[in-house]
Structure formats: C-alpha cells, structure tokens
Amino acid sequence: MPPTSSTRKPVVLVTSIAGRFGRLLARALHGSHEVLGLDLRGDHHMPKDVRVFPLDLRRKKAEDVFRRERIDAVVHLPAEGMPGESMQEHRSRTVLGTRKVLSYCHEYDIPKLVIVSTAALYGANPDNPQFLSEEAPLLAGRDSPLLRDLVEADMTTNSFFWQHPEVDTVLLRPVHMVGRLSNPASRYLRLSAVPTVMGFDPMVQVVSPEDVSRATLLALKPGIRGVFNIAGPSPAPLSRIIERCGRRALPLPEVALRAMLGLALGIGRKGIGAAELTYLKYVCMVDDSRARDVLGYRPLRTLDQTLIQLRA
C-alpha cells in the first residue's frame with residue numbers, strides 16, 4: 001500500500017486496537033504506517049505515535065473519524081467478549097460492527113480492508129476432511145448463537161467482497177490463536193488441569209499472534225484480495241499441545257465437562273455448549289496453501305515457540 005506522497009506514511013485504522021492482539025499489531029505497523037485506532041478502552045500500552053479514538057464503532061462519532069481522516073486501509077479485528085455481555089449485545093457488536101466498517105469503507109473510498117475472522121467458523125465435525133479449503137462451508141453456527149454471529153459477519157464480508165471490487169478486501173481465517181491473549185483457546189490452555197472429552201484426542205492447529213500479525217501486514221499489500229486460511233506450525237494431538245504447555249489433561253465425560261469448563265473459563269454454566277465442545281472431539285484443520293502462494297506467508301514459530309507464552 002504505497003503512500004500518497006513522498007513524505008506521507010500510509011494511514012491504517014485498526015478497530016479493537018486496545019486488545020492484546022490489537023496492541024501487538026499496532027507495534028508491528030507503526031514504524032511503516034501512521035496508525036489510528038478505534039476502541040472504547042483507550043490507548044493504554046500503545047506506542048506514543050499511535051492515535052486511539054475511545055469511541056464505539058457503531059456510533060456516529062466513529063463515522064466522523066472515517067470521514068475526517070485520510071485513511072488508506074482498515075484492519076477490522078474481532079472484539080474480545082465482554083463479561084456479562086448479553087446475546088443481543090454480542091450480536092450487535094459482532095454483526096452490526098462489521099456492517100458499519102464495510103459501509104464506511106465504501107462510503108469514504110477506502111481502498112483496502114483486512115478483516116481478521118477465524119477458521120473455527122468451519123466447525124469441527126466427524127465428517128470433515130483432514131484439511132479444509134477456503135471454499136468449505138461455514139457450519140459452526142448451526143448450534144451456537146455466539147458462533148452464528150461470527151459466521152454472519154464473515155459471510156457479510158464475503159458478499160461485500162463481490163459487490164464492491166473497488167475495495168481490496170481481504171478476509172483472514174486464522175486457526176486457534178494462542179498466547180498472551182484473553183481469548184477462549186488461550187484461557188483453556190492456561191488451566192492447571194485442562195479438561196478434555198473422555199475418549200477423544202483430535203489433531204489441532206494453533207498459531208501465534210505474532211504470525212497472524214505478519215499475515216495481516218502481508219495482506220495490506222496492494223492488489224491482494226480474497227479469503228485466506230492462516231495456519232501455524234504442524235498440527236498436533238490435543239494431548240500433546242496440553243503437555244507442551246506444561247499442563248495436565250483431565251479427561252471427563254462430556255456432560256460434566258460442559259459445566260466445569262464454562263465455570264473455569266469464567267463465562268458461566270451456559271457459556272459452553274455442545275457446539276463449542278466439538279472442537280475438543282473432532283478435527284477442524286485448514287489448508288493454508290493459498291496464503292503461502294499468494295501472500296508469501298509462512299509461520300515462523302515452531303509449536304513450542306507458539307505455546308511458550310502459555311507455560312507461565
């Protein structure tokens with residue numbers, strides 16, 4: 001994404017920038033870009049030259065940022081779940097927030113949009129092939145309202161991609177991102193005794209936030225558009241991943257696991273349903289050859305390097 005003049009850095013706006021992945025991405029971007037952020041949580045732990053607007057993406061004042069600033073690219077990140085958030089609020093934040101970003105990019109002639117989704121939207125299923133391509137259906141939302149919202153946001157972006165070819169839209173679907181994050185996968189692997197479904201040990205793919213950050217920077221290159229799976233090091237059985245995190249697996253019957261895991265992750269008994277537990281039973285692995293061929297992406301971190309932040 002070239003600057004518009006010999007002296008001006010390209011301007012990239014990052015949503016949900018105050019989350020841990022957002023801060024990591026801001027640090028990776030700010031040397032070569034002018035970085036703006038939108039996040040109600042403010043600008044804590046940011047490089048000094050990153051400007052953050054403490055605004056709700058869905059509100060009118062956020063649109064004023066898109067109108068006023070000369071934005072060359074937008075990176076839209078999924079906001080981390082909020083404690084005690086209702087299903088209605090989750091849907092509004094996830095689906096409406098994405099629609100607002102798409103609308104602003106079209107309305108204000110922003111040439112590049114990168115949205116970081118998740119490969120979990122393909123769904124874990126006993127009938128899955130070993131590796132799923134970007135054309136595989138997104139089946140994760142059939143039994144989970146939380147995942148259904150994410151699937152809708154992803155599919156809305158896909159429609160925008162075809163309706164507005166003037167915007168170079170990139171949709172990244174990384175596998176389970178783990179590290180110093182507050183997402184469910186990282187919280188799960190930090191448990192001192194990690195509950196698993198008795199009788200199951202699926203192959204799992206994980207990726208470091210640093211590798212996803214690199215993929216995001218590669219996606220900002222001019223002319224890049226499309227959907228890309230982002231994988232990390234070679235997959236491993238869930239039991240080995242738990243062991244490499246320095247934890248002990250605790251196999252449990254599925255009914256007991258559902259209640260225990262919801263409480264352990266701090267999201268209540270109703271927070272973990274049958275749909276979410278399928279990821280501890282069946283494979284949901286992706287083929288990232290398109291990202292390797294088109295983006296030039298390669299994960300740099302080994303499995304142990306990816307999991308090391310979870311060993312503390």
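- Relative ring orientation between His176 and Tyr279 is described as perpendicular, the plane-to-plane angle rising above 60° on a 0-90° scale split at 30° and 60°.
- Looking only at distances, no side-chain donor or acceptor of Asn125 sits under 3.5 Å from a matching main-chain atom of Ala140.
- Taking the side chain as every heavy atom from C-beta outward, Arg248 and Ile242 never approach each other to under 4.5 Å.
- Using a 30° and 60° split on the angle between ring planes, His106 and His164 fall in the tilted class, from 30° to 60°.
- Note that OG1 of Thr216 and CD1 of Ile230 are 7.5 Å apart. Values are rounded to the nearest 0.5 Å.
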For Leu303 and Arg244, run side chain to side chain contact (heavy atoms under 4.5 Å, CB included): C-alpha distance rounded to whole Å, both residues' side-chain angles, the deciding distance at 0.1 Å, then the answer.
CA-CA 8 Å; Leu303 182 62; Arg244 295 287 182 89; 4.0 Å; yes

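- Proximity of Leu238 to Leu280: side-chain heavy atoms (C-beta onward) are separated by under 4.5 Å at one or more points.
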Apply salt bridge (charged side-chain N to carboxylate O under 4.0 Å, His left out) to residues Glu69 and Arg51 and explain how you reach the verdict.
CA-CA 11 Å; Glu69 302 291 338; Arg51 289 189 290 149; 3.1 Å; yes

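- How far CG of Asp49 is from NE2 of His33: 13.0 Å, rounded to the nearest 0.5 Å.
- Nearest heavy atom pair, residue Gly141 against residue Arg148, reads O-NE, 3.0 Å.
- For the pairing with Glu152, the side chain to side chain contact (heavy atoms under 4.5 Å, CB included) check across Val95, Leu138, Leu147 returns one residue only, Val95.
- Put simply, the side chain of Asn183 gets close to the backbone of Met177: a donor and an acceptor are under 3.5 Å apart.
- No side-chain N or O of Arg214 forms a donor-acceptor pair with one of Tyr297 less than 3.5 Å apart.
- Without hydrogens or angle criteria, Arg23 side chain to Met46 main chain gives no donor-acceptor distance under 3.5 Å.
- For the pair Asp39 (side chain) and Pro54 (backbone), a donor-acceptor distance under 3.5 Å is absent.
- Checked by atom type and distance alone, the side chain of Lys112 never pairs as donor or acceptor with a backbone atom of Val75 at under 3.5 Å.
- Asp168 places no side-chain N or O within donor-acceptor distance of the main-chain N or O of Pro111, the cut-off being under 3.5 Å.
- In this structure a side-chain-to-backbone donor-acceptor pair under 3.5 Å is missing from Thr169 to Pro165.
- Under the 3.5 Å distance criterion, the side-chain polar atoms of Asp211 are left unmatched by any main-chain donor or acceptor of Gly232.
- Under the 4.5 Å side-chain heavy-atom criterion for ILVMFWY residues, a single connected hydrophobic cluster contains both Met155 and Leu132.
- Annotation: side chain of Val101 is in contact with side chain of Thr15 (closest heavy-atom distance under 4.5 Å).
- Arg290 contributes a side-chain N or O that, together with a main-chain N or O of Val227, makes up a donor-acceptor pair within less than 3.5 Å.
- Atoms CD1 and CZ, on Ile71 and Phe66 in that order, are 5.5 Å from each other to the nearest 0.5 Å.
- Judged purely by distance below 3.5 Å, without hydrogens or angles, the side chains of Ser239 and Asp201 pair a donor atom with an acceptor atom.
- Side-chain atoms of Val178 and Tyr188, non-hydrogen and from C-beta on, never get closer than 4.5 Å to each other.
- Using a 4.5 Å cut-off on side-chain heavy atoms (C-beta onward), Leu55 and Arg59 make no contact.
- Thr98 contributes atom OG1, which lies 11.0 Å from atom CZ of Arg58 (distance to the nearest 0.5 angstrom).
- No chain of hydrophobic side-chain contacts below 4.5 Å, direct or via other Ile, Leu, Val, Met, Phe, Trp or Tyr residues, connects Met285 to Leu121.
- Within the 4.5 Å cutoff, the side chain of Val294 has heavy atoms near those of the Phe228 side chain.
- With respect to the salt-bridge test (charged N to carboxylate O, under 4.0 angstrom), the residues Asp288 and Arg292 qualify.
- A donor and an acceptor atom, one from each side chain of Asp154 and Ser117, are located under 3.5 Å apart.
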Does the pair Arg301 and Glu210 meet the rule for a salt bridge (charged side-chain N to carboxylate O under 4.0 Å, His left out), with working shown?
CA-CA 8 Å; Arg301 299 209 168 196; Glu210 289 81 8; 3.8 Å; yes

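- The two residues Gln305 and Ile308 come nearest to each other via the heavy atoms O-CG2, 3.3 Å.
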Walk me through it: do Leu113 and Phe160 pass the test side chain to side chain contact (heavy atoms under 4.5 Å, CB included)?
CA-CA 11 Å; Leu113 169 63; Phe160 179 88; 4.3 Å; yes

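- In this structure, Gln205 and Val286 approach most closely via the heavy-atom pair OE1-N, 2.7 Å.
- With no hydrogens or angles considered, no side-chain donor-acceptor pair links Thr302 and Asp304 at under 3.5 Å.
- The shortest distance between side-chain heavy atoms of Leu29 and Leu217 falls below 4.5 Å.
- Side-chain heavy atoms closer than 4.5 Å link hydrophobic residues (I, L, V, M, F, W, Y) into clusters, and following such links, possibly through other members, connects Ile17 to Leu77.
- Here the closest heavy-atom approach between residue Gly97 and residue Leu57 is recorded as O-CD2, 3.4 Å.
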Would you please test Tyr122 and Asn128 for side chain to side chain donor-acceptor pair (under 3.5 Å) and show each step?
CA-CA 9 Å; Tyr122 295 115; Asn128 277 348; over 6 Å; no

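- Between the side chains of Tyr104 and Arg67, no donor-acceptor pair of N or O atoms lies under 3.5 Å.
- The minimum heavy-atom distance linking Ala62 with Leu38 is given by the pair CB-CD1, 4.2 Å.
- In terms of hydrophobic clustering, with Ile, Leu, Val, Met, Phe, Trp and Tyr side chains grouped at heavy-atom distances under 4.5 Å, Ile110 and Phe53 are assigned to a common cluster.
- In the hydrophobic clustering of this structure, Leu40 does not group with Val35; members are Ile, Leu, Val, Met, Phe, Trp, Tyr whose side-chain heavy atoms approach within less than 4.5 Å, directly or through other members.
- The pair Asp72-Lys9 does not meet the salt-bridge criterion, since no charged nitrogen lies less than 4.0 angstrom from a carboxylate oxygen.
- A distance of 5.5 Å separates CG of Leu189 from CG of Leu310, quoted to the nearest 0.5 Å.
- The structure places CZ of Arg91 at 11.0 Å from CG of Leu150, a figure rounded to the nearest 0.5 Å.
- Considering every non-hydrogen atom in both Ser186 and Gly179, the closest pair reads OG-N, 3.2 Å.
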Could you walk me through whether Arg240 and Glu243 satisfy the salt bridge (charged side-chain N to carboxylate O under 4.0 Å, His left out) test, starting with their C-alpha distance in whole Å, then the side-chain angles of each, then the deciding distance to 0.1 Å, before giving a yes or no?
CA-CA 5 Å; Arg240 186 185 304 168; Glu243 180 185 355; over 6 Å; no

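- The closest side-chain heavy-atom distance from Leu102 to Ile115 is below 4.5 Å.
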One pair to check against side chain to side chain contact (heavy atoms under 4.5 Å, CB included): His45 and Arg20. What are the steps and the verdict?
CA-CA 9 Å; His45 308 294; Arg20 291 188 176 181; over 6 Å; no

Could you check Leu36 against Val12 for side chain to side chain contact (heavy atoms under 4.5 Å, CB included), going step by step and ending with a plain yes or no?
CA-CA 6 Å; Leu36 311 179; Val12 58; over 6 Å; no

